[in-house]
Amino acid sequence: MVTRDLSCPILTGSSDDSGLVVGTYSRSPHDMLQLQQTLTGYPAEGVQYLILGQDAFLLYPSADAVIILNAHTLALVRVLAFWEAFPGLMHTKEAICCISVDSGMKLIVAAMKSRLAAWSLSDTETGAWRIHSTLVLSDDQQVTSLDNKAGLLAVGCNKELSVYTLVLENDLPTWSKKWTASTPTPSILNFAPSLRYIATASKKDTTIRLFSTTSGRQTQAIPHPRSVVKISWRRYQASSRDDLILYSITSDATLRIFFPVLDAPTYLQLHASLDIYSSLPYSVVAQLPSSDSSIFWLDRRMVEKVIDNILKDPSQASEARNRRIKEIKDDGWDLFLRIVSDGSIVITAVANIDRRPPTLLQHFTLQQSQPSIFSEPPSYLFVLPNPDPTLLTLITSAPLMSMDLSPLAFFDARSHGLKVNFGNVNQVVDEESEIIRFIRTPEGKGVGALRVHGGETWQVHERGSKLVRFASWDSADFVVVLARGHQFATYNKASGVLKLHSSPPQTVTLPGLESLFTMPSPAGYEYIIGVTSDLSVVQFLATDKPELVLMRRNSLSLPYVPRFILPVDPMAWGHMHDWTGHDVLLSISEEGEIAFWIPELSTDNGWKCTRKVRTGRSGFRKVRCSSAKKTALIVGSPQGDELTIWDSTESEFSSGLEYRGQYSELILDLDWSSTPDMQSILAVGYKHRVEILCQQRMTYFADDPGWALCRTIDISGFTPYSIADSIWLAHGSFLIAAGQQMYLYSESPQVSEDSASETLLEYVARQNGPLNDYHPQMLLQCLIWDKVELVKEIIVNLARYVLGDPETPSQILPHLPVERFLQKDQPSQSALSKKQQYNSLFSVKPGPDDSAEIAFTRPVIDRLLTALESKSLPNLSSNEQAHLIVLIQTTLEIEEQRRALDSNGLRYLISMRSFYIINRRASVPSLTGVGTTGGRSGRRERLRYRDMIWAFHSESQELLLNASLAACNGKALWADARALGIAIWLNSLESLKTQTEAIARNEYMAGENRDPTACSLFYFALGKPKLVHGLWRQAAWHKEQIVMLKFLSNDFTEPRWRTAALKNAFALLSKRRFEYAAAFFLLGGSLKDAVNVCIKQLGDFQLAILLARIVEQSNEGPVLKDILVNAVLPTALQLGNRWLGSWAFWLLHRRDLAVRILLTPLQDIATAFDVKVDAIGEPHYDDPGLALLFLQLRSKTLQAAKGTSEISGRAEFNFVLQMARVFCRMGCHVLALDLVRSWPFARPSVPVHRIDNANVAAPTPRRPLFQLDPTLRRQSSIMIDMDVSSLPSTRRASPSKQVDAETPAIGTIQEESDLFARKAGLGNLMKSAKQDVKVPEFDMNAFF
């Protein structure tokens, strides 16, 4: 099996999409999972070589493929499959019997039985091999040997030799038979350099036969005393010479030199014979372990070329050291290398081969080296070019090794003269069979390869970068690998025998097993788990005694028959000590319900269900689950495969669906892995590539998918075989099987501490793990959750790091302790100044540049922002650093005016400032420094609805309005107002009218022309048609001026002219002038038609809301309510946007539903409110701000408190956990901890009464009746926004709404049954409110 560490660069070539290079492996320092080891079979009959310029390649057959390796590094370059030429032979059991290589024509010919296939190197695509031609012989002709040179092809078959010539027929290369001669079955064929003769040798006799290439006539037979194992023509040294010089080597390692004499120039005669005794004295040979040896000819042309390079090198100009190699060159010696049985090397020189007229050859021992590299004599040795022009590459087989030979050092008898580059193990015959699938141990440190015939186990070494073969088996249907690859068990379905391959072997008979896998046991050895045909689960225990015990057989306690019972990918188990707490089995129903199971040995059932997920999918084709409770489903369809990824932490606030993607290409394999921190990684396998997906950290502003592609491994650049299986192993390494070959991808085992490269596990952890304090997402969430002082501390810490002394830069950016994040946000400037004053009593007065002067002030922040434009921070991308700069600048602006803002106004201002700064940075091409936002941080069209809702609930709206207008440079157009949501959040009608008039004026003044049509809609809404008439008087340039002046001069209070305006509106609709049509609808008094145009034609419900509020002069008008019910609420439900839905319910005076929509399934809300919507969008429980809004609204009004009481305690608990999970997905783990620590669960607002009668049973379920939580205690009053006197004293789920023609009735939403305590408190609250409804404010402190 050929294996090679591929962590270093090898060749250059064309690259494919995976980052691999065709004919090369080029490693970038930032690449993840590089090809480290290939296991591609072994050269059984030696190797051939191909020389292309200074590059040399090795070729050998392996099963039905030709393997091409880089000669210097033994790195895989390409696999050529025989079925590429003959597709019908795919998955054949036959093997390639022989190959031939022609370096001149760059042609490779391979034979399998009676078929021949040829490949040629592409002239257009670097490193690519293409099918050149094919040749099919009769079925009774089995090819035994090949040779091809310069368009001639010699084919040896049973008792005959044929020669073919290459011809072009219709521009297609074909082979035409030239002649056939009878001869003993050839095993070796070799064309002479002149192509005039071909030499053959057979295993049937000991004779070399020479045939004329032109006529096919045998010209000479050269008998040998022993069988001939090698034939080689000596390539002539002078271009004008065409001498016939033949080397032959017989089985006793004797090399013979044949060439003609003057009187017979075509008849070869023996001139020299070199056996072991001609190289070593008899006394030395007698002391060797054996007289076996191998002898090889060192190509004289290559040796002399390297010697010339050495002699030309000025750095090697040492007369004493160069004397020997200069002598070799000047005297024209041919060198022969013999390796004897003890591994020592003997160099024999032969002189006078080129002398003419021929004279007696002289041979002598030039050098003998001590045993160092070889443990036994190899069968083959080649001398090839080396990338270093002063070195030679020596290739031996078997074992297959690549060595660097330095003639200068070697012939100077130095120890480093011959150095091994890469070596290999010997051939393993059973690795020639195709791989079906992989089986690994739970922790991934052992793996088995199940082949068509047998298989073998491997152990993972060197941090996942190397596989070492351990054991093998002959045949099996199922295999499990145990004890980190040191043990394995096989199961044969025909016999029903499970066999543990121990010493002695252990067997258990159990027919009917359909799958077999392992899980760890508390004892440290593995359980073997099998699933039978009747879907019962069998557990075996394997121990090292050895022992194999059948422990139990159970069925899963399910009310249905599962479609699948599958093992859970256990890669995350190896990171934990508690092995038994992980899910082991996965069952799937026909309806798509996934159930997770762990063994429970203490019960009769044996298995316990830990979690269920309802996916709603059916017809799935492939399912894989990880021990991190992630499940991937493949559902096939005519459009392609749908891949969905599910999290088993399903609740009413999370369906568990994290990712959904549609793929046109068939997905063949899924495999899970994880980081030590349990962040999941999914490998999705296709026919020729594997895409590695990893979880993505959620962001506050972007709606990116939860999973993203982080690496693609494409093997099509070096093998035509499709991927049979792929699997994750320990240390994040990844193993791929294709055909008979295996490819191991991993990180380099030699990783320096100062390396800038990032491993896959590190990358995934960075994408998902806890964020640094200074990360913009962390700062943003801290600002939103009222931790402004904490943000200022973080920024000051960052300033100390960035602006510190450049001569002594800080290597570690300081981080705040976790406890600081859990504290209540308080100003710390006074405490800080006191501490500085106290310290100054004992220290030297700080200098002007001391870090004590770094505080949160505008000069310091300006310096920090300037520095961040050019200095890159660790662990931040350029986009993230751009956001950081935005947030620091925003925090400074907020700090300078935050005293007049409430918290909600602060949140809006943060988002608004960030919105404009990001858009401004995206619009300025000159900002090309580190902080450049880049493509993903491009312009945004508007604020998100959540930002608008913060402003809606703010009590500082005038300040927010002024800040918003200032951001627009005081000239807000409607596009600006829509982007800021002013029509949504500005409560004051007078302010809204003022801003509408300003917008109309700005629209009119925008651009060079003063166009009255741009502002007509707004002025008509304000009831100022005369003003528009006056503007038309100044629009002499407009083609419609005369018509509009005449039309607007009429009195539109009259029905006649209103009807005319409506007719014009419809005419404008037909001309698709929608905004102007809406203006004419307003002029005609049809507000409803105007808002319909805004919603349906313009797609702008904000404009419809603005018109309705202005025209109706109310926030409760019927048209506005109709917009909210029939446009806003359906939009909110379709988008799954709870912020927008809560705002709509708040305006509709359904504050109870405004609260409940934050926690209630949207389908229930749609049913209760009778909202007509085609499909409910995905529930957006991915924003922790929902928890903040719920915390605010739940006690803001009496109706909101009523809605809160209808939310069960369990639902609120799950809601908080979901928000904490979202925080973790965002990388804000410390804020998730703060949330679950400090969340004030609402308690009934009644005093605790002591019940004297202990026999009275408390109703269940019941929550403890505590006093109001701290949040409610801080609120001294509650707004009464419902008629409590009209309500009965019973605890109904929701107050009834007056039904009118415009608004549908609201139904009751059913909740969980643990509402008793809350509703009991609410009833008392209602009762008290009834008795004192005249009091303007409701004092909650009365209940303490």
Side-chain angles (χ1 to χ4, degrees), residues 54 56 72 234-239 241 245 247 255 257 271-272 274 276-281 284 293-340 342-356 358-374 381-396 402-421:
Q54 289 298 313
H72 181 63
R234 180 179 183 267
R235 286 180 289 178
Y236 44 86
Q237 307 303 308
S239 59
R241 295 271 297 278
I245 302 176
Y247 299 141
L255 183 141
I257 304 174
H271 284 256
L274 304 178
I276 189 173
Y277 299 103
S278 64
S279 304
L280 294 173
V284 175
S293 65
S294 298
I295 187 168
F296 310 98
W297 172 56
L298 301 183
D299 191 314
R300 179 173 163 186
R301 290 193 308 171
M302 291 189 182
V303 173
E304 288 188 352
K305 184 176 180 181
V306 172
I307 291 175
D308 286 339
N309 293 332
I310 295 174
L311 296 177
K312 293 176 184 177
D313 188 354
S315 62
Q316 308 288 346
S318 172
E319 189 67 28
R321 293 183 58 192
N322 294 346
R323 184 177 65 251
R324 176 57 62 89
I325 62 173
K326 193 173 184 301
E327 188 178 12
I328 293 173
K329 179 182 182 301
D330 293 343
D331 293 346
W333 296 339
D334 282 64
L335 302 181
F336 298 87
L337 183 146
R338 182 180 295 274
I339 303 174
V340 297
D342 65 350
S344 59
I345 300 174
V346 180
I347 301 295
T348 301
V350 177
N352 300 332
I353 291 182
D354 285 325
R355 180 167 295 183
R356 292 297 179 271
T359 185
L360 198 63
L361 299 186
Q362 296 180 358
H363 60 85
F364 52 90
T365 299
L366 183 65
Q367 181 174 325
Q368 180 178 359
S369 64
Q370 296 298 318
S372 59
I373 295 176
F374 300 99
L381 184 144
F382 302 98
V383 179
L384 301 176
N386 192 287
D388 187 340
T390 63
L391 300 178
L392 291 167
T393 296
L394 256 63
I395 301 296
T396 64
S402 172
M403 294 166 282
D404 283 345
L405 186 146
S406 171
L408 185 62
F410 181 79
F411 292 113
D412 200 28
R414 295 175 180 250
S415 59
H416 62 277
L418 187 62
K419 182 175 63 175
V420 176
N421 285 326

In Å and rounded to the nearest 0.5 Å, what is the [atom1] to [atom2] distance from [X] to [Y]?
X	Y	atom1	atom2	result
Ile347	Leu337	CD1	CG	4.0 Å
Leu418	Phe410	CG	CZ	6.0 Å
Ile257	Ile353	CD1	CD1	4.5 Å
Glu304	Ile328	CD	CD1	9.5 Å
Ile325	Ser406	CD1	OG	8.0 Å
Glu327	Ile307	CD	CD1	11.0 Å

Indicate the atoms forming the closest heavy-atom contact of [X] with [Y], along with that distance.
X	Y	result
Thr365	Ser279	OG1-O, 2.8 Å
Arg338	Leu274	NH2-O, 3.0 Å
Gln367	Phe411	OE1-CA, 3.1 Å
Gly417	Ala409	CA-CB, 3.7 Å

Original post:
For Ser294, what residues pass the side chain to side chain donor-acceptor pair (under 3.5 Å) criterion, not counting sequence neighbours?
Top reply: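 With sequence neighbours excluded, Ser294 shows a side chain to side chain donor-acceptor pair (under 3.5 Å) to no residue whatsoever.
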Subject >> Residues which pass side chain to side chain donor-acceptor pair (under 3.5 Å) with Asp330, listed by chain and number, not counting sequence neighbours >> reply: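 Once residues adjacent in sequence are excluded, the partners of Asp330 under the side chain to side chain donor-acceptor pair (under 3.5 Å) criterion are Lys326.
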Original post:
Is a salt bridge present between Arg300 and Asp334, judged by a nitrogen-to-oxygen distance below 4.0 Å?
Top reply: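 Salt bridge flag = yes for Asp334 with Arg300.
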Would you check if the side chain of [X] reaches a backbone N or O of [Y] as a donor-acceptor pair within less than 3.5 Å?
X	Y	result
Asp404	Lys419	no
Asp331	Trp333	no
Asp412	Arg414	no
Thr393	Pro385	yes

**OP:** Would you please test Leu381 and Leu298 for side-chain contact (heavy atoms from CB on, under 4.5 Å) and show each step?
**Re:** CA-CA 9 Å; Leu381 184 144; Leu298 301 183; 4.2 Å; yes
